[in-house]
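Heads up: the structure comes next, in structure tokens.
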Amino acid sequence: MRCPRCGHDDNKVVDSRVSKEGDAIRRRRECLSCRRRFTSYERIEEELPLVVKRDGRRESFDRQKILSGIKKACEKRPVSYSAIEHLVDSLEMELQGSADKEVSSVQIGERVMAKLLQMDDVAYVRFASVYRQFKDVSQFVEEIKTLITEPVNRRGKQ
């Protein structure tokens, strides 16, 4: 494991703990060169389906891309990082549980939006505006009207 500060690859593990969900090991490490401490996570690498992009390209599922997009949508909102990670974890588990070898980016985006809608309306609209490529304000207004007129219990809130 390479030190994020100095790039030296010799370090020692200071502490190891299993995550709350039991799906990862958190390791505190100390660089033997600069003495900086940093955290690494070890996860089981499971086979996820390939993502078929809108233009037909295929690429590996990238957890960080999903996480980054959701974090941007939730910026300055009352959504905890652990809730965001839980959303991405549940999406990953759904994809691992499916028998499909490929999944479209459209399906992934729709799943993320459904989960965001249950968490935070503003984050949902932010994500939808990028995902659905809103061209003007009228598309924002239509999406917000749908949120206002849609029964609350259909969105998973009480």
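As the structure is a computational prediction, the values presented were derived from the model and not from experiment.
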Consider only side-chain heavy atoms of I, L, V, M, F, W and Y, link residues closer than 4.5 Å, and tell whether [X] and [Y] are in one cluster.
{"X": "V106", "Y": "I70", "answer": "yes"}
{"X": "V122", "Y": "V125", "answer": "no"}
{"X": "V79", "Y": "Y81", "answer": "yes"}

Enter the distance from [X]:[atom1] to [Y]:[atom2] here, rounded to the nearest 0.5 Å.
{"X": "E92", "Y": "L67", "atom1": "CD", "atom2": "CG", "answer": "9.5 Å"}
{"X": "F38", "Y": "E30", "atom1": "CZ", "atom2": "CD", "answer": "9.5 Å"}
{"X": "S80", "Y": "M119", "atom1": "OG", "atom2": "CE", "answer": "7.0 Å"}

Tell me, do [X] and [Y] make a side-chain contact under 4.5 Å, heavy atoms counted?
{"X": "S40", "Y": "R27", "answer": "yes"}
{"X": "S60", "Y": "L50", "answer": "yes"}
{"X": "F61", "Y": "L95", "answer": "yes"}
{"X": "L48", "Y": "Q96", "answer": "yes"}
{"X": "R58", "Y": "E102", "answer": "yes"}
{"X": "F127", "Y": "V112", "answer": "yes"}

| task | Name all residues meeting the side chain to side chain donor-acceptor pair (under 3.5 Å) criterion together with R17; count only those two or more places apart in sequence or in a different chain, and write none if there are none. | result | D15
| message | For S33, give me all partners under side chain to side chain donor-acceptor pair (under 3.5 Å), at least two apart in sequence or on another chain. | response | none
List the atom pairs, donor and acceptor, that lie under 3.5 Å between side-chain atoms in residues 5-13 and the rest of the protein, sequence neighbours left out.
residue: N11; atom: OD1; partner: R29; partner atom: NH1; Å: 3.1
residue: N11; atom: ND2; partner: M1; partner atom: O; Å: 2.5

| message | For a salt bridge (Lys or Arg N to Asp or Glu O under 4.0 Å) check, start with the C-alpha distance between R77 and E75, then their side-chain angles and the critical distance, and finish with the verdict. | response | CA-CA 5 Å; R77 298 296 305 153; E75 233 171 54; over 6 Å; no
| query | Would you say R2 has more than 12 foreign heavy atoms packed within less than 6.0 Å of its CZ? | reply | no
| request: Considering only NZ, NE, NH1 and NH2 on the basic side and carboxylate oxygens on the acidic side, decide whether D55 and R57 come within less than 4.0 Å. | output: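 Salt bridge between D55 and R57, a charged N being under 4.0 Å from a carboxylate O: yes.
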| Side-chain ion pair, E94 and R111, N-O less than 4.0 Å |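 R111 and E94: salt-bridged.
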| note | Those residues at least two apart in sequence (or on a different chain) that pass salt bridge (charged side-chain N to carboxylate O under 4.0 Å, His left out) with K72 are none
| message | Restricting to salt bridge (charged side-chain N to carboxylate O under 4.0 Å, His left out), what partner residues turn up for R28, sequence neighbours left out? | response |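 Testing R28 for salt bridge (charged side-chain N to carboxylate O under 4.0 Å, His left out), a comparison that skips the adjacent residues, returns none.
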| query | Is there a donor-acceptor pair closer than 3.5 Å between any side-chain N or O of D100 and the backbone N or O of V103? | reply | no
Distance-only check: which donor-acceptor pairs under 3.5 Å involve side-chain atoms of residues 84-91, not counting sequence neighbours?
residue: D89; atom: OD1; partner: R63; partner atom: NH1; Å: 2.8
residue: D89; atom: OD1; partner: R63; partner atom: NH2; Å: 2.8
residue: S90; atom: OG; partner: H86; partner atom: O; Å: 3.4
residue: S90; atom: OG; partner: L87; partner atom: O; Å: 2.9
residue: S90; atom: OG; partner: K115; partner atom: NZ; Å: 3.4

